[in-house]
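Chain letters run A, B, ... following the sequence lines, proteins first and then strands; every chain starts at 1.
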Amino acid sequence: MEKNLVIVESPAKARTIAKALGENFTVTSSFGHIRDLSKKKLGIDPDKGFTPEYVIPPDKKDLIKNLTKAAEEASLIWLASDEDREGEAIAWHLKETLNIPDEKTRRIAFHEITKDAILEAIENPRDIDMNLVMAQQARRVLDRLVGYKVSPILWKKVKPRLSAGRVQSVAVRLVVEREREIMKFQSTSSFRVEGLFTCPERNTDPFKAELNRRLNTDKEAEDFLNGCIGAEYSVTNVEKKQGRKCPAPPFTTSTLQQEASRKLGFSVGQTMSVAQRLYESGRITYMRTDSTQLSKTALASAKKIITNTYGAEYGKTRQYTARSKGAQEAHEAIRPTFMDLAKVEGNVAEKKLYDLIWKRTLASQMADALVDKTQISINKGKSADIFTATGEVIVFDGFLKVYRESSDDEPEKTSAKPAEILPPLESGDKLEAGQIKAVQRFTQSPFRYTEASLVKKMEELGIGRPSTYAPIISTILQRQYVIKGDRPAKTRKYLELVLQDNQVIRRENTEKYGEERGKLFPEDIGILVNDYLMEYFSSIVDYNFTAKVEEDFDRIASGRLVWNKMLEEFYRPFSKTLDQALETSRPGNGERYLGIDPVSGKPVSVRLGRFGAMAQLGESDDPEKRYAGLGKGQLLESITLEEALQLFKLPREMGLYQDSPVLVSKGRFGPYVKWQGKYVSLGKSDDPYSVTLERCVALIEQAREQETKKHILEFPEEDIRVLKGRYGPYISHAKKNYRIPKGTDPESLTLEDCRKIIQKKDND
DNA sequence: CAGTGAGCGAGCTTCCGCTTGACTT
């Protein structure tokens, strides 16, 4: 009997395919790529045609042994990795590494994981497409050259352990440039005028209408309102239009990450690991995809559910085409495996994410929503000023019954929302104005990126792949190029001028604005590295670099370009750039002179030092010069003289407590109080610059109390203590910690017990 | 863990894309 071995990339996929193929096929998986360039060295010789030296990573050795054995025993090996560049390369590496002869090799691809599709694939095997494989090889080698040639330059010129790459460096650039836009941004204000109108003849309720222009100053606003006194208003035009809203396409990796971020507050990493669990338990299709396509079976079952639940008029079968640049569409969109399963078992996160996927998929197959839009234009006397009232009524909800996509733009809270319904008015109707008010509004600075909106931007630029979006975010966070953080809301005053009973009243109100949560902020080192790369490696951090090389990869894939010729073309100028950077480049240290300290008359400057960003008070040759580290959220580029001077107010001598001095200062781990040689961290809401002695004493007392509670047992003669820590009780001895075995009551431990525990662990 | 800021100079750091586990402090 024939023995067939099918190799796919993912074990979960292998399980489903095994079921469809039956007993004559053994289905196994490669767990992604099986060979790669060595991590330790470059693995490419640019002088010898760029031929890569592939190695099997240590953690794949066992797998390869098993696969080789299985391949030897089989009579036919079906290489069923994905039908894209990376998948084709995996098929080729498998054939090479497992030593599979041509006559035993069959290359197939499944377009959807259904029995019919799988059997059809088996009927139509082909050869490995070497052009596509070489396109992948060119991609791999190029990324290695960029990453492993530029990073060491950063180690030498800036700081060890830094990194640069075709994708990550552009991600950092986006964050840095957005921050600079925000720094540069100057808010301006104008006055938005809104009136309440009624039509006495038709006995209507009051409705809102907005003036079609903004007024620049409060004077202008006041004049305008005064001009409204006694004015006559009439309807000049009523326009009715029917609009449509169509559903969003089914999820890809990046749109799932965006929606899970906006609606569920998940990080992109969180979304991926929850999705992975749903995938492994067979609830959803593959979660790393750039395709919005749905399988025929999925389309059919969605239609059935919609018809049964909402009626046939709610259904509209549609297939969406790829929106993103460079999409390779090796998989389906992310959808429930079984559409008729509306809810899944699992933890809260799994349930919520599944619900989101289910609704989005279903909605994508539903009818457009129909909206009646009405716009009423209102004349103010004979002036050119026009007020406009807009109304929007949903006449058929369609897909909105199930799902509504959210947006990244945080709408200005007070801006006019369209009214649900407007009174039936006709051109020529006379209106009466009730209250008219002019409210000061401010322009908003650009938004900082969230993890998910950065992914969206990268996808738009064609940079990165579904499998790398989450890891890229972790990398730039890990390198401390960017940091994820919050900013509290700020308050500002705004003016409101109200015309009521023929009088203009002026009010000053306050409002909160600009609160940010979970946003990406650049760090000083990220800014510095970005500026360095922009100066010496501008072609690499060019937003179009990836798109340009992708064109070449496509030409390689279609046989119009030879892979190492392309690399040759790239490398010749690139190696010159490298040499130049090594020889001549000097990265900045972010140094800025901020001004003179009015108290001491000494100059204040900031720069990046060995231990991070710092401020310096006094010239470098001043023996009494002082240093202070910059605080959290402060950047070299934007810190002001006032803020820097503030830093030198620490340490503060607070006074005496029980005859010992109390000191407040800031260290590596944040602000602290020091008293009698002991350190106590300040609370989250305490400000080291304004905290009082009283509060410090309270903190000291609290810490003292905890200290006494912390000690459960003491055997000082042998330097053994039983302490209570963050993770429960433990034994401390000679500056090392030891766990207490489960089920042991820490208070009943004897000195002998402790010795045993210590000895046991030290012997391990 | 707790205020550093110059420097002997070993040996190490690093990319992007495929894919899952194996680990507790």
Side-chain angles (χ1 to χ4, degrees), chain A residues 8-14 29-44 57 59-60 63 81-82 84-91 93-94 136 139-156 159-169 272-273 276-277 279-280 286-288 328 330 463-472 475 478-479 540 546 549 589 607-616 620 625-629 647-648 650-651 663 665-674 677-681 725-728 730 737 739:
Chain A
V8 296
E9 286 170 56
S10 142
K13 195 169 164 184
S29 77
S30 74
F31 294 81
H33 276 295
I34 53 153
R35 283 202 306 193
D36 194 12
L37 301 165
S38 160
K39 263 173 105 76
K40 299 254 168 248
K41 52 180 194 175
L42 187 65
I44 306 151
D59 58 322
K60 293 263 179 178
L63 172 78
S81 45
D82 299 339
D84 59 10
R85 201 161 65 201
E86 298 296 327
E88 202 68 18
I90 289 173
H93 281 296
L94 279 167
Q136 190 275 344
R139 198 281 304 155
R140 180 66 191 93
V141 171
L142 178 101
D143 282 337
R144 171 53 67 94
L145 286 171
V146 172
Y148 272 41
K149 288 286 190 183
V150 180
S151 300
I153 296 182
L154 293 178
W155 306 341
K156 190 167 176 226
K159 201 172 115 172
R161 266 176 273 276
L162 293 177
S163 63
R166 173 178 58 85
V167 174
Q168 59 169 289
S169 297
M272 292 315 279
S273 75
Q276 176 88 28
R277 285 201 297 277
Y279 167 66
E280 281 171 8
Y286 197 57
M287 64 282 157
R288 292 187 272 261
Q328 306 201 3
I463 295 166
R465 302 279 310 132
S467 66
T468 60
Y469 294 140
I472 289 294
T475 300
Q478 215 170 13
R479 301 274 173 274
I540 302 297
T546 291
V549 291
N589 62 359
R607 68 168 190 276
L608 199 64
R610 212 156 56 113
F611 302 99
M614 61 185 247
Q616 180 177 330
S620 294
K625 67 173 182 287
R626 291 179 61 201
Y627 299 109
L647 297 172
F648 293 105
L650 295 181
L663 213 68
S665 193
K666 222 149 97 176
R668 271 205 293 162
F669 307 96
Y672 63 91
V673 186
K674 190 178 178 189
K678 290 204 164 119
Y679 297 90
V680 186
S681 287
R726 253 202 310 167
Y727 308 107
Y730 64 97
N737 296 340
R739 291 172 80 177

Legend entry - B:dG9 versus B:dT13 - spacing of their C1' atoms, nearest Å: 16 Å

Inset, instruction - Just call it for A:Gly43: base, sugar-phosphate, or nothing, with non-hydrogen atoms closer than 4.0 Å on any strand. - result: nothing

Inset, instruction - Any chance you could lay out the side chain to side chain donor-acceptor pair (under 3.5 Å) test for A:Glu88 and A:Ser81, step after step, and finish with the verdict? - result: CA-CA 7 Å; A:Glu88 202 68 18; A:Ser81 45; over 6 Å; no

Inset, instruction - Answer with base, sugar-phosphate or nothing: what part of the nucleic acid does A:Gly464 contact at a heavy-atom distance below 4.0 Å? - result: sugar-phosphate

Inset, instruction - Could you pull out all residues at least two apart from A:Gln276 that satisfy side chain to side chain donor-acceptor pair (under 3.5 Å)? - result: A:Glu280

Inset, instruction - Under the salt bridge (charged side-chain N to carboxylate O under 4.0 Å, His left out) rule, collect the residues that match up with A:Arg479, sequence neighbours excluded. - result: none

Inset, instruction - Stems involving DNA chain B: give each as a range paired with a range, ordered by first number, where a stem means at least three consecutive Watson-Crick or G-U wobble pairs under 3.5 Å. - result: none

Inset, instruction - Give the rounded distance in Å between these two atoms: CD of A:Glu88 and C1' of B:dC18. - result: 14 Å

Under 3.5 Å, which donor-acceptor pairs link side chains of residues 147-154 of chain A to any protein atom two or more places apart or in another chain?
residue	atom	partner	partner atom	Å
A:Tyr148	OH	A:Lys39	O	2.9
A:Ser151	OG	A:Gly147	O	2.7
A:Ser151	OG	A:Ala164	N	3.1

Inset, instruction - Output all residues satisfying ring-ring contact (aromatic ring centres under 6.0 Å, His included) with A:Tyr279, sequence neighbours left out; order by chain, then residue number. - result: A:Tyr286

Legend entry - Heavy-atom donor-acceptor pair, A:Arg139 side-chain to B:dC16 base, under 3.5 Å: yes

Inset, instruction - Verify, without hydrogens or angle tests, whether A:Gln616 (side chain) and A:Lys625 (backbone) share a donor-acceptor contact under 3.5 angstrom. - result: no

Legend entry - Gap between atoms CG and C1', on A:Leu647 and B:dG5 respectively (whole Å): 15 Å

Legend entry - A:Tyr679: partners by ring-ring contact (aromatic ring centres under 6.0 Å, His included), with sequence neighbours left out: A:Tyr672

Legend entry - Atom pair distance, as rounded to whole Å: CD1 in A:Ile472 and P in B:dC18: 11 Å

Check: protein-nucleotides 19-23 of chain B nitrogen or oxygen pairs below 3.5 Å:
residue	atom	partner	partner atom	Å
B:dT19	OP1	A:Tyr286	OH	2.4
B:dT19	OP2	A:Tyr286	OH	2.7
B:dT19	OP2	A:Arg288	NE	3.0
B:dT19	O5'	A:Tyr286	OH	3.0
B:dT19	O4'	A:Gly32	N	3.4
B:dT20	OP1	A:Ser10	OG	2.6
B:dT20	OP2	A:Gln276	NE2	3.1
B:dT20	OP2	A:Arg288	NH2	2.8

Legend entry - Partners meeting side chain to side chain donor-acceptor pair (under 3.5 Å) with A:Lys40 (sequence neighbours left out): none

Legend entry - Spacing between A:Ile463 atom CD1 and B:dC16 atom P, to the nearest angstrom: 11 Å

Legend entry - Atom pair distance, as rounded to whole Å: CD1 in A:Ile540 and P in B:dC16: 11 Å

Inset, instruction - Please state whether the phosphate of B:dG17, meaning OP1 or OP2, lies under 4.0 angstrom from any side-chain nitrogen or oxygen of A:Thr468. - result: yes

Legend entry - Partner set under salt bridge (charged side-chain N to carboxylate O under 4.0 Å, His left out) for A:Arg161, not counting sequence neighbours: none

Inset, instruction - Classify every nucleotide of nucleotides 6-15 of chain B by which part a protein heavy atom approaches to under 4.0 Å, writing B for the base, S for the sugar-phosphate alone and - for neither, in 5'-to-3' order. - result: -B-----BBB

Legend entry - For A:Arg140, salt bridge (charged side-chain N to carboxylate O under 4.0 Å, His left out) partners two or more places apart: A:Asp36

Inset, instruction - Please name all residues satisfying ring-ring contact (aromatic ring centres under 6.0 Å, His included) with A:His93, sequence neighbours left out, ordered by chain then number. - result: A:Tyr54

